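The shown structure was predicted, so the numbers you read here are calculated from the model rather than taken from an experiment.
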Amino acid sequence: MSGKGFGRLVVTVYGILAFAAIGRSSYQVSTSAPHVPTAYWLSALAAVVYVVAAVAIAKGWRRPAWAAVLFEAVGVLSVGAASLASARLQHDGTVWRMFGADYGFVPLVLPFVGLWWLWRTRPSVSGVAATGAPSPSTPASTPESEA
């Protein structure tokens, strides 16, 4: 499971960021009706992605975790770059604006930490994880099993 050890820290940071993004984007979307800026909807989308990433990493659901973290990396890079060029995406308090500047650039760093963690904890073909430790699904050889 990826949600153990350092993975637990990754899950915790995703959870905190999800909580912050959900609260702020919910407030922004609800108070900006009927014309909600695109940036606020992107913040709400980011919040959903953070929840999916946190749960998937914690539960060891590898494919959804990879998908969410990759989507997040592409999102923060593309929205960050677009916000440099477009006044429409430069609203205050959005998650991916200016590469996560409103959130201490954690949204820029976190997907790459998440990708590194998912890569580091990937199962290998031989049943030995990338860390060199046997995976839980691979029985350790014992003297009795070799006899």
Side-chain angles (χ1 to χ4, degrees), residues 1-32 36-84 89-147:
M1 215 188 269
S2 300
K4 293 184 178 181
F6 182 77
R8 189 167 294 190
L9 176 63
V10 173
V11 169
T12 300
V13 175
Y14 267 112
I16 291 168
L17 200 53
F19 184 73
I22 287 169
R24 194 170 203 173
S25 66
S26 297
Y27 175 78
Q28 290 170 326
V29 168
S30 66
T31 59
S32 297
V36 179
T38 304
Y40 294 169
W41 286 116
L42 289 172
S43 262
L45 176 63
V48 171
V49 170
Y50 293 140
V51 169
V52 170
V55 171
I57 292 170
K59 297 285 188 177
W61 299 338
R62 310 257 335 142
R63 287 182 189 211
W66 274 102
V69 176
L70 282 169
F71 184 88
E72 175 197 2
V74 170
V76 73
L77 292 174
S78 58
V79 171
S83 67
L84 293 175
L89 293 175
Q90 290 183 359
H91 292 280
D92 292 335
T94 61
V95 179
W96 291 341
R97 179 190 79 88
M98 304 295 286
F99 303 103
D102 296 328
Y103 289 80
F105 296 101
V106 172
L108 178 62
V109 175
L110 188 58
F112 299 102
V113 171
L115 289 170
W116 169 80
W117 180 249
L118 289 169
W119 180 261
R120 184 177 180 277
T121 60
R122 73 194 183 283
S124 69
V125 177
S126 66
V128 177
T131 60
S135 67
S137 62
T138 304
S141 65
T142 61
E144 296 84 29
S145 65
E146 294 177 4

Which pair of non-hydrogen atoms, one from Val49 and one from Glu72, has the smallest distance, and what is that distance? CG1-CB, 3.9 Å
Identify the two heavy atoms, one from Leu17 and one from Pro107, that lie closest to each other, and give their separation to 0.1 Å. CD2-CG, 4.2 Å
Within-4.5 Å side-chain heavy-atom neighbours: Thr121 and Arg62: yes
For the residue pair Trp116 and Phe6, categorise the inter-ring angle as parallel (less than 30°), tilted (30 to 60°) or perpendicular (more than 60°). perpendicular
So how far is it from Tyr50 OH to Leu45 CG, rounded to the nearest 0.5 Å? 10.0 Å
Close side-chain approach of Ser25 to Val95, heavy-atom, < 4.5 Å: no
Considering only heavy atoms from C-beta outward, does the side chain of Ile57 approach that of Val69 to under 4.5 Å? yes
Closest approach of Ser43 and Thr94, non-hydrogen atoms and distance? OG-CA, 3.2 Å
Does any N or O in the side chain of Ser83 come within less than 3.5 Å of the main-chain N or O of Met98, such that one atom is a donor and the other an acceptor? yes
Would the number of heavy atoms belonging to other residues, nucleotides or ligands and lying under 6.0 Å from CZ of Phe112 be above 12? yes
Relative to each other, are the rings of Trp96 and Phe71 parallel, tilted or perpendicular (30° and 60° limits)? tilted
Minimum side-chain heavy-atom gap Leu108-Leu77 below 4.5 Å: yes
Please name all residues satisfying side-chain contact (heavy atoms from CB on, under 4.5 Å) with Ile22, sequence neighbours left out, ordered by chain then number. Ser26, Ala47, Val51
Would you mind reporting whether Val10 and Val113 have side-chain heavy atoms less than 4.5 Å apart? yes
Against the six-membered ring of Trp119, is Arg122 placed for a cation-pi contact (under 6.0 Å from the centre, within 45° of the normal)? yes
Phe99 versus Leu84: any side-chain heavy-atom pair under 4.5 Å? yes
Does CH2 belonging to Trp66 count more than 12 external heavy atoms closer than 6.0 Å? yes
To check you understand the geometry: which heavy-atom pair defines the closest contact between Val76 and Pro111, and what is its length? CG1-CG, 4.3 Å
Donor-acceptor contact present, side-chain Ser32 to main-chain Val29, <3.5 Å: no
